[in-house]
Amino acid sequence: MYKFSTLLKDLPTLHEYRMSATGYAVWLVWSGELTEAIPSTFRDYGGVEINADQNQAVWYFWSRDVFQAAARLQIWANLNDLPVFIQIMPTNLMIGFQGEMALSIASELFSQQAMPPEVFEVWVHPKVRPDVENTPGIHLEKVDRQLTGMASAHWHRLSGDPRIGFRSSLAWYFILRPLGNPLDKRFIEGWPRFFAEVEQIIKHLKLKFILHDNHLIFELENFKTLTVWCREILALVARAKDCEDCAYWPCVMAAVEKAGFQFNEDLPRKVALDWDKMAPDFPHMSYRTAFLLGPRFRIKDVSYSFERNKLTDWCYVMLAESEGTQERGSLNVALPVALLVGSGRPCFYCGQRTHGEAQCPSRRLVDLNPGLWRELAGMNLEDVSSALVELGEALREDPAQALGTVLTGSGRPRTLLGAVFEINAPSQLRMAPLVMRALGKDLPSGLSRLSPPQDSPHAQALGAFLAGDAAAADAQARQGALRAPRDFGFRTLQGFLALERGDLERAVEFWAEAEHLGDTPLHFAYHKYLQGRALEVQGRFDQAMALYRDAYKLCPRWNEPLYRQAVSMVKMGFTEHAVSLVDQLVDEDPNMFNRVLVDPEMERGYVQLLGVLYGLWVQSQAAARESAEKLRQLQEEIDDWFGASHEFGQTARRQIEELLHLADVENFVVFRRLAAGRVQLEKAMRQKIEAETRGLTRQAENIRDRLRRIHEDISWFPFPRALRDFNRDFNFCVAKLNWVRQQHFTVAKNFRQSHEYFRQVEDILGRLGRRLVTLRIVRDATLFVLLLSKSFMWLEIIGLGLALVAMPASVFMAEHWGIEWISRAVEGQRWSIQKGLVVVVSVAAFVFALLRTALVFEKKKARFFEEQVELGRKLAQEQAAARGRGGRGAPAGRRGR
């Protein structure tokens with residue numbers, strides 16, 4: 001026995017559903033193996049398989065084509081052995097918010113049971129009998145026997161007339177419209193090439209088409225043709241996007257059910273579709289048609305509303321990932337409906353459609369808040385996705401009113417909504433006073449230097465404007481413009497006043513005047529940006545992009561105009577053309593990735609952008625994981641190179657710990673930061689090693705010079721045994737210096753060991769230097785004494801000789817000149833005078849020698865040591881020459897310590 005309840009109890013229980021529709025449930029029971037002809041026929045006639053189990057299944061049909069399919073199968077069963085039991089009964093289909101399906105079946109039908117069938121039978125429930133009565137070729141015969149397990153009802157058996165051709169009513173017109181200006185050169189070159197590729201598919205499927213006013217229209221006569229066409233066109237677009245040389249042009253596409261329309265050139269105008277808002281490159285169709293395509297296609301919404309949808313509402317389809325032909329993957333993120341609802345013009349300040357500029361919550365924001373992007377960068381992608389869901393729930397009841405409440409609240413929804421409002425911060429009122437106070441000449445750096453805030457006429461007019469007194473603000477702005485005709489600030493405020501009055505054309509004129517009155521590129525670029533934004537919200541994207549390009553040329557480091565160009569391209573449907581701009585923006589600022597992810601104004605190309613971002617995500621995620629592993633290895637390398645006490649090593653380890661702490665965060669900005677941090681650390685490490693290597697080389701030369709001077713200073717010392725400790729330390733320094741000179745610093749062990757050896761050598765050299773001070777004092781004192789002794793000896797000899805000659809000479813001269821008292825005095829005290837002369841001469845010689853030695857000591861000392869050094873060099877050269885001649889017995893000469 002097969003139980004109908006087995007199929008139904010596996011279906012999800014939907015307490016709240018998104019769509020519902022009345023239709024027909026088909027309970028299918030078979031014996032043996034089911035032929036493929038039955039599910040194929042069901043699909044051709046609009047059936048959707050809800051659930052299947054062993055030898056039974058339940059299908060759903062929206063239309064009365066179910067009876068046509070059953071009649072066709074009954075005729076086929078007359079010629080083939082087909083043991084199948086089919087039961088058609090009323091039901092209600094419910095579709096949940098995630099696309100899940102459930103059936104509402106009457107309780108008396110829920111508990112039915114059936115035996116394995118032996119013949120083909122189709123039973124029709126009495127409640128659906130009126131839908132099939134009086135249908136040509138279909139007959140109903142009352143079932144006169146009650147099967148065990150069947151519900152107690154007046155069942156009828158269905159049979160079909162083999163003379164009638166039972167055809168499905170399913171058929172569609174497909175419309176394909178290329179985007180862009182037909183007079184544009186790129187359109188003229190791109191669209192014909194892409195049409196040639198599309199035409200090949202059309203000819204292969206043998207479809208008749210009309211090409212009028214760049215609209216391609218053709219008929220899809222059955223479900224199989226629709227399925228094949230959707231699969232082929234999606235595969236063609238995916239191949240064209242992946243191939244640089246392939247023909248591609250963005251197009252919007254729609255499959256229109258034939259009922260009520262004629263196959264003619266006016267069909268695109270009669271279809272209730274806003275072609276300018278449709279996502280390009282994906283076939284649009286009703287939910288009823290999309291669900292027929294089955295699990296090989298994914299369904300995406302295009303109607304954003306909190307009201308329940310109908311199965312006749314529009315959606316678009318794409319190949320499911322399981323199809324795998326050209327699917328490149330996509331991020332699992334969805335924008336909340338609350339940020340997309342609304343039918344009005346986008347708000348100039350924030351882009352939302354639920355309110356006008358005068359009611360925008362951004363008017364209450366005061367300063368720019370780039371910190372929101374840092375908060376968003378610290379969230380995992382899954383947290384961002386769930387926070388978007390929370391934000392949607394918070395805004396669901398009344399988006400226009402709830403925006404301000406959430407924006408002033410806290411938590412993840414506030415962070416995300418704040419980031420959404422931060423996207424358009426340059427076009428909001430909080431930017432204007434910053435531009436008026438800016439002291440710089442460029443954006444965005446010019447806003448970092450502001451003049452002090454003051455109660456200026458600008459501030460007074462802006463305060464009245466923000467307070468809601470537009471009349472007073474307008475009067476103050478007009479008076480200010482008359483008093484200061486060269487002040488751009490009043491024209492800027494007049495532009496915002498005209499904007500909130502709804503006069504966008506006048507606002508653009510005011511901002512154009514303010515641009516001409518500006519003084520710096522900052523003023524020019526800002527007002528061009530405002531003009532471009534005003535044109536963008538009006539849908540004049542070509543003119544807006546021209547102004548954005550001009551603003552970007554004026555301030556090349558300001559990415560906002562570049563981002564608005566990308567948004568404008570997406571709004572035009574040229575998402576693929578915006579990809580290069582998105583890549584450039586993300587490379588310059590990784591926060592742009594999160595900006596694209598949460599920007600509601602990117603909605604038209606959001607699916608394609610999620611695919612682009614997915615590619616960037618995968619690459620950056622792999623690079624981040626590789627960087628995290630390399631950072632751990634780098635930490636070990638830094639320890640090997642610099643050890644625990646080196647200042648660079650300590651700083652680098654702290655940076656690595658901070659980066660590795662981010663490795664657990666699944667966010668694109670963190671991925672890029674991790675990879676960039678690793679590259680910067682590796683670069684810094686290489687530069688530090690190179691600098692330290694050069695420092696080691698210079699330090700080695702310095703140590704060598706110091707050792708040479710020390711050797712020269714102690715080489716004169718005549719008592720080597722007294723210098724045992726000194727010589728031991730000296731030889732240790734020489735040995736370590738020679739070891740360092742022989743090593744390669746590209747090896748971490750040698751690099752680190754060299755640092756350690758030089759640290760030890762520096763300590764020892766300091767100790768040797770302190771000892772050398774004493775030796776130098778002894779050396780200089782000894783040399784001074786020797787020089788003094790030498791001078792004193794010569795002066796003493798000369799003085800004594802003169803003293804010996806002076807005594808006789810004085811007696812002789814006195815006698816010669818007749819001065820007898822001198823001769824008698826000398827004769828009487830000869831020895832006393834002689835001894836006195838010796839003392840006087842000695843003292844005079846010593847004093848004179850001391851003065852002379854003090855005056856010439858430094859000069860003679862320098863000359864003496866230079867001579868000794870020169871002699872040492874000559875001796876070393878002779879020894880080297882002797883060794884070079886191979887003479888083992890050559891004299892070794894002096895060995896330096």
Side-chain angles (χ1 to χ4, degrees), residues 99 172-180 190-191 194-195 197-198 201-202 214-218 220 225-242 246-257 268 271-304 309 312-335 340 569-579 602-615:
W172 297 268
Y173 295 123
F174 200 91
I175 306 172
L176 188 148
R177 176 188 176 186
L179 298 176
W191 164 238
F194 185 67
F195 171 74
E197 299 291 335
V198 175
I201 302 176
I202 294 175
N214 291 316
H215 285 80
L216 177 63
I217 310 167
F218 50 90
L220 302 173
T225 308
L226 172 69
T227 305
V228 173
W229 164 256
C230 290
R231 187 166 56 246
E232 290 292 332
I233 190 64
L234 287 172
L236 172 64
V237 170
R239 287 196 304 270
K241 290 181 179 180
D242 285 339
C246 297
Y248 166 75
W249 190 257
C251 304
V252 290
M253 300 174 270
V256 184
E257 296 179 12
V271 178
L273 272 175
D274 189 348
W275 297 94
D276 293 332
K277 295 182 180 179
M278 294 170 58
D281 303 333
F282 299 109
H284 289 65
M285 58 191 69
S286 66
Y287 283 102
R288 183 166 59 188
T289 301
F291 282 120
L292 293 179
L293 295 176
R296 291 176 297 177
F297 293 85
R298 284 192 293 147
I299 301 174
K300 300 293 290 185
D301 304 320
V302 297
S303 178
Y304 299 106
N309 298 97
T312 54
D313 291 340
W314 289 93
C315 64
Y316 63 90
V317 298
M318 62 184 68
L319 289 173
E321 293 183 0
S322 58
E323 190 76 8
T325 53
Q326 297 293 328
E327 185 65 33
R328 294 177 291 179
S330 178
L331 294 177
N332 186 24
V333 179
L335 290 172
L340 305 172
M569 288 183 181
V570 171
K571 288 182 176 180
M572 293 173 66
F574 290 89
T575 305
E576 292 300 318
H577 293 69
V579 169
M602 289 285 198
E603 179 268 327
R604 190 179 188 187
Y606 196 65
V607 172
Q608 297 100 313
L609 289 173
L610 287 181
V612 174
L613 297 181
Y614 177 78

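For the atom pair OG1 (T575) and NZ (K241), the distance works out to 7.0 Å, reported to the nearest 0.5 Å. Taking CH2 of W172 as the start and OG1 of T225 as the end, the distance is 9.0 Å to the nearest 0.5 Å. Going from atom NE2 of H215 over to atom CG of L176 covers 9.5 Å, rounded to the nearest 0.5 Å. Put simply, CZ on R604 and CE on M569 are 14.0 Å apart, with the number rounded to the nearest 0.5 Å. For the atom pair CG (L610) and CG (L613), the distance works out to 6.0 Å, reported to the nearest 0.5 Å. Note that CG of L220 is 9.0 Å distant from CE of M285, once rounded to the nearest 0.5 Å.
Contacts of F574 classified as ring-ring contact (aromatic ring centres under 6.0 Å, His included), with partners at least two apart in sequence or in another chain: W249, H577. Qualifying side chain to side chain contact (heavy atoms under 4.5 Å, CB included) partners for V607, counting only residues two or more places apart in sequence or in other chains: F282, K300, Y316, M318. Residues passing the ring-ring contact (aromatic ring centres under 6.0 Å, His included) test with F195, sequence neighbours excluded: W191. Checked against ring-ring contact (aromatic ring centres under 6.0 Å, His included), F291 has no partners two or more places apart in sequence or in another chain. In this structure, Y173 has no side-chain hydrogen bond (donor to acceptor under 3.5 Å, both in side chains) partners at least two apart in sequence or on a different chain. Residues passing the side-chain hydrogen bond (donor to acceptor under 3.5 Å, both in side chains) test with E257, sequence neighbours excluded: S286, R288, T289.
Under the 4.5 Å side-chain criterion, counting only non-hydrogen atoms from C-beta, F297 is in contact with L319. V252 has its side chain out of reach of L273: every pair of non-hydrogen atoms, C-beta onward, lies at least 4.5 Å apart. Looking at I202 and W229, their side chains come closer than 4.5 Å, going by heavy atoms from C-beta outward. Contact annotation: the side chain of Y614 never approaches that of V333 to less than 4.5 Å [non-hydrogen atoms, C-beta and beyond]. Two residues are said to be in side-chain contact when any heavy atoms from C-beta on lie closer than 4.5 Å; P178 and F194 fail this criterion. L226 has its side chain within reach of L293: a pair of non-hydrogen atoms, C-beta onward, lies under 4.5 Å apart.
Nearest heavy-atom pair, P280 versus G573, reported as atom, atom and distance to 0.1 Å: CG-O, 2.9 Å. The minimum heavy-atom distance between Y248 and A240, with the atom names listed, is CB-CB, 3.6 Å. The heavy-atom pair separating I233 from P283 by the smallest distance is CG2-CG, 4.2 Å.
Other residues, nucleotides and ligands contribute over 12 non-hydrogen atoms within 6.0 Å of the CG atom of D274.
A donor-acceptor pair under 3.5 Å is formed between the side chain of H284 and the backbone N or O of M253.
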